[in-house]
Number of protein chains: 2
Amino acid sequence: MGKSHEVRKQEIIEATMALSVEKGLKKLTTQAIADRVGIAQPTIFRHFKSRDAIFGAVINWVGDSLFKVIGDLFSTPGPADERLHQIILKQLAFMGKHRAIPRVLFSDRLHLESPKLKTVVQTMMDGYAQRLTRLIEEGIEQRVFSPELEPDRTARFILAAIQGLVMRWSVYEFNFSLEEEAEPLWQFLQPSLRP
Amino acid sequence: MGKSHEVRKQEIIEATMALSVEKGLKKLTTQAIADRVGIAQPTIFRHFKSRDAIFGAVINWVGDSLFKVIGDLFSTPGPADERLHQIILKQLAFMGKHRAIPRVLFSDRLHLESPKLKTVVQTMMDGYAQRLTRLIEEGIEQRVFSPELEPDRTARFILAAIQGLVMRWSVYEFNFSLEEEAEPLWQFLQPSLRP
DNA sequence: GTTAAAAGTAATTAATCACTCACAAATGAA
DNA sequence: TTCATTTGTGAGTGATTAATTACTTTTAAC
């Protein structure tokens with residue numbers, strides 16, 4: 001027999017992410033995933049109810065992992081500007097190490113073909129935006145950010161800049177270092193945030 | 001018989017864009033396009049060599065149309081900051097009227113499944129980025145932008161912010177007015193550009 | 001050691017879909 | 001009118017692929 005349910009599940013998730021980078025999602029068939037894991041195609045369905053369920057698990061893995069990396073920075077006390085700085089650096093560094101993330105997150109295949117998966121992604125993004133909004137509010141109270149900023153809108157603009165950058169990185173086949181863009185991006189954004 | 005080649009071609013392009021908004025690209029089959037145009041499915045292939053050729057035509061239509069709207073602003077003389085302001089307003093207004101654009105441009109289906117289409121999109125984006133870079137250089141010469149800006153990188157950050165915003169709009173099913181975000185986005189970016 | 005549950009597979013199915021082909025009808029130039 | 005070209009179609013093909021089924025093997029708990 002094979003490995004345990006939990007182990008196989010994780011193997012399938014990892015194989016799916018690896019393949020999403022190598023081939024794009026078109027060739028991300030259950031057969032291709034199975035081949036990479038080293039099991040037969042129907043065995044996939046012993047561990048996941050459907051193909052979509054695999055993608056859902058991948059999205060959740062991404063969300064959980066990202067939260068592990070930057071989650072603390074939202075709740076830790078300290079100057080909000082420094083924390084935002086760190087969030088930008090760490091998020092881009094994290095994504096720079098996991099090319100599958102933009103491929104999966106920005107995939108219309110997930111957004112448009114499965115309303116369920118779409119709300120999973122939206123919920124994740126909403127949570128992020130809310131934390132960011134809260135952080136900007138704190139920064140305004142701490143007088144490190146301009147009191148004229150609309151926290152909610154500002155949070156969404158910052159997110160848009162990050163997401164746009166990551167998307168560009170993905171579209172251009174990862175041909176520049178995402179990590180190296182993090183500090184310049186922060187430098188660029190800073191004047192717009194300062195009082 | 002039917003209409004002329006050119007007319008049918010345009011009808012197919014328009015049907016494809018309309019469907020990309022309504023259903024997402026999964027259901028964007030040649031059958032669905034044909035149904036919408038009111039012709040039989042094989043007739044599609046009288047006017048386009050392949051399904052990819054349709055998408056290529058759509059991308060080119062998008063690029064041409066966008067260029068018609070904002071192209072002048074790159075070459076017209078005048079203060080660079082005002083021109084950039086107008087570019088942001090007009091681009092977001094234009095995209096706000098054509099929901100198909102983000103659906104098509106940000107589709108991984110196009111980027112990852114067809115190397116040819118991918119380079120079409122990349123070339124378009126490159127052209128845009130170059131013009132923007134040039135505009136920022138002018139702005140620095142005119143002393144309306146900070147001389148410390150790296151024109152190329154700044155252009156890409158601005159593009160990322162715009163693209164991120166448009167992508168968010170698309171992911172959230174167009175549930176906010178893109179046009180209304182344009183002026184606030186410009187207000188947000190301005191402090192980062194000014195000397 | 002028995003046995004029930006878990007994990008595995010080969011074979012197949014049913015659906016989808018881009019694309020082809022052989023032929024029909026309309027068009028327009030001669 | 002004639003006829004070559006263009007536009008159109010119904011019927012089909014071949015390829016792909018998620019999911020099911022019926023069956024086998026392995027594991028681990030008792």
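Just so it is clear: chains get the letters A, B, ... in the order the sequence lines come, proteins before strands, and each one is counted from 1.
Closest to the side chain of A:R8, from the set D:dT17, C:dC19, C:dG8, is C:dG8. Side-chain proximity of A:S50 to the nucleotides D:dG8, D:dA19, C:dA7 is greatest for D:dA19.
Contact annotation: A:H47 side-chain N/O to C:dG8 OP1/OP2 distance is under 4.0 Å. An OP1 or OP2 oxygen of C:dC17 is reached within less than 4.0 angstrom by no side-chain nitrogen or oxygen of B:T30.
With hydrogens and angles left out, the side-chain atoms of A:Q86 and A:E82 include no donor and acceptor closer than 3.5 Å.
Taking atom CD of residue A:E6 and atom C1' of nucleotide C:dA5, one finds them 16 Å apart after rounding to whole Å. B:R51 has its CZ atom 14 Å from the C1' atom of D:dT16, to the nearest Å. For the pair A:I33 CD1 and D:dA18 P, the computed distance is 8 Å after rounding to whole Å. As a whole-Å value, the separation of B:Q31 CD from D:dG12 C1' is 14 Å. Summarising the geometry, the separation between CD1 on A:I12 and P on C:dA7 is reported as 11 Å, rounded to the nearest angstrom.
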Every protein N/O within reach of nucleotides 9-11 of chain D N/O, cut-off under 3.5 Å:
residue	atom	partner	partner atom	Å
D:dT9	OP2	B:A40	N	2.7
D:dT9	OP2	B:T43	OG1	2.6

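Under a 3.5 Å cut-off, the side chain of A:R51 and the backbone N or O of A:L28 do form a donor-acceptor pair.
Within the 4.5 Å cutoff, the side chain of A:F45 has heavy atoms near those of the A:T30 side chain.
Under a 4.0 Å N-O distance rule, the pair A:R156/A:D152 qualifies as a salt bridge. A salt bridge does not link A:R168 to A:E181: none of the charged nitrogens lies less than 4.0 Å from a carboxylate oxygen.
Atoms CD and CE, on A:Q122 and A:M125 in that order, are 8.5 Å from each other to the nearest 0.5 Å.
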